[in-house]
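In this text the structure is predicted, and so the values were computed from the model without any measurement. Naming convention: chains lettered A, B, ... in sequence-line order (proteins, then strands); numbering from 1 in each chain.
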2 protein chains.
Amino acid sequence: MALRHAVLAALLDEELSGYQLAKAFDLGVANFWHALPQQLYAELTRLEKDGLIAGREVVQDTRPNKRLFTVTEAGLAELEAFTASVAKPSSIRDDLIVKVQAADHVDPQTLIAQLTERAAFARAKVDLFGGLLDRMRGERSEEEFLRYGERIGPYLTCLRGLAFERGNRDWCERTVAVLREREAARATR
Amino acid sequence: MALRHAVLAALLDEELSGYQLAKAFDLGVANFWHALPQQLYAELTRLEKDGLIAGREVVQDTRPNKRLFTVTEAGLAELEAFTASVAKPSSIRDDLIVKVQAADHVDPQTLIAQLTERAAFARAKVDLFGGLLDRMRGERSEEEFLRYGERIGPYLTCLRGLAFERGNRDWCERTVAVLREREAARATR
DNA sequence: GCCCGCATGTAAGGCGTTACATGATTAA
DNA sequence: TTAATCATGTAACGCCTTACATGCGGGC
């Protein structure tokens, strides 16, 4: 049950609507968790019912009305308890890695295409996260920001996301290079 | 539905029983996927029913009998199709990152303890994967092995696992250092 | 004598994904 | 006028996790 806590953590720094949360948890900006809009609307309903967040209706003229949510005292306590609870070890769960595991038995060209696509995606995320980090620390150097900044949580998680996507990019590129070399060697044999 | 394909990929290189698979997919050796024994036994039943794997009973005296599974032609075709299908982008899903996202609002000592524990776990995995890679490539250098070795799939996925755990280790250590520095600064204020 | 390893499952419940549904405004 | 953005959901299905169940053999 970690989606609740991810939502609570996201609402700590700013009041957000379900729609805004959905955008934050989508592929683009989710540097620490991923979820679909349906999950979020359902979870927000449950969180409010349990008194961990409080919503307030905002009436809009030109746009549909929306509900903005804030973390309550109880919600903060819940997060505190979650933080103290045992963490399960994380593991990657990625279709692409399964495909590479079977590399010796499937068509290399297909694999190369998939890896190339993923590398491009990873590069885009590296750029995105780099930009986010720049904006968060402003004029300050990273060292300075992390020592004296007020809100470093989102920065730290973004650093993890950045390193992860760099890892993806590098591994994909390396793997493509290996597969290409073997293909070339096979052709001249 | 990627567990099926992960199982198929794992059975490509050797005939395994459910129990052996369960060990491979457990925390210790799962360098490309993770699953619990119950999932695996259920999936093996389904895979056999669908004709993607074939099982043969091995009678043992001193131990309970077991069933060893091999990938069939149809199973290989299924894997081939899976490899060609679109891959979803992978994303990290990790309790610990959620906790760090809330770093500015929860007790730093608790967080430091969790991060320290995770760093130790990551170091253990780095060692484990390093050893596995050594054993796979034997006498050969990495370059040589990847160019001329016969089974490089498992090696490549293990490389991804190694890089991922190094990333975990480094990020945990860095984050602990940052939190400690801020705690020290707060104490002298 | 007790716990660990081998070997295989069932059952229930929670979480995530896919598909479907609605309806207004604004920019291309 | 067509598509994208804002805004919020319902329903069905499938995967993952947690708990429970069984039974023999070997080492400390």
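- Counting to the nearest Å, the C1' atom of dT10(C) and the CG atom of Leu36(B) are 15 Å from each other.
- Nearest nucleotide to the Gln39(B) side chain, out of dA7(D), dT17(C), dT17(D): dT17(D).
- Taking atom CG of residue Leu40(B) and atom P of nucleotide dC15(D), one finds them 14 Å apart after rounding to whole Å.
- Within the nucleic acid shown, Gln38(B) comes within 4.0 Å of at least one base atom, counting heavy atoms only.
- Side-chain proximity of Thr62(A) to dC6(C), dA7(D), dT26(C): nearest is dT26(C).
- Contact annotation: Lys23(A) side-chain N/O to dC6(D) OP1/OP2 distance is under 4.0 Å.
- The backbone N or O of Leu52(A) lies less than 3.5 Å from no partner atom in the side chain of Asp50(A), so there is not a single donor-acceptor pair.
- When distances run from any side-chain atom of Leu3(A) to the nucleotides dC6(D), dA7(D), dG16(C), the shortest one goes to dG16(C).
- Within the 4.0 angstrom heavy-atom criterion, no nucleotide atom of any strand lies near Arg4(A).
- Put simply, the side chain of Arg166(A) does not reach to within 4.5 Å of the side chain of Arg123(A), judged on heavy atoms.
- Comparing dC6(C), dC16(D), dG23(C) against the side chain of Arg93(A) picks out dC16(D) as the nearest.
- Judged by the 6.0 Å and 45° rule, Lys99(A) forms a cation-pi pair with Phe82(B).
- The two residues Glu183(B) and Pro108(B) come nearest to each other via the heavy atoms OE2-CG, 3.4 Å.
- A straight line from CG of Leu44(A) to C1' of dT8(D) spans 11 Å, rounded to a whole angstrom.
- Here the side chain of Tyr19(B) is nearest to one of dA7(D), dG9(C), dG5(C), namely dG5(C).
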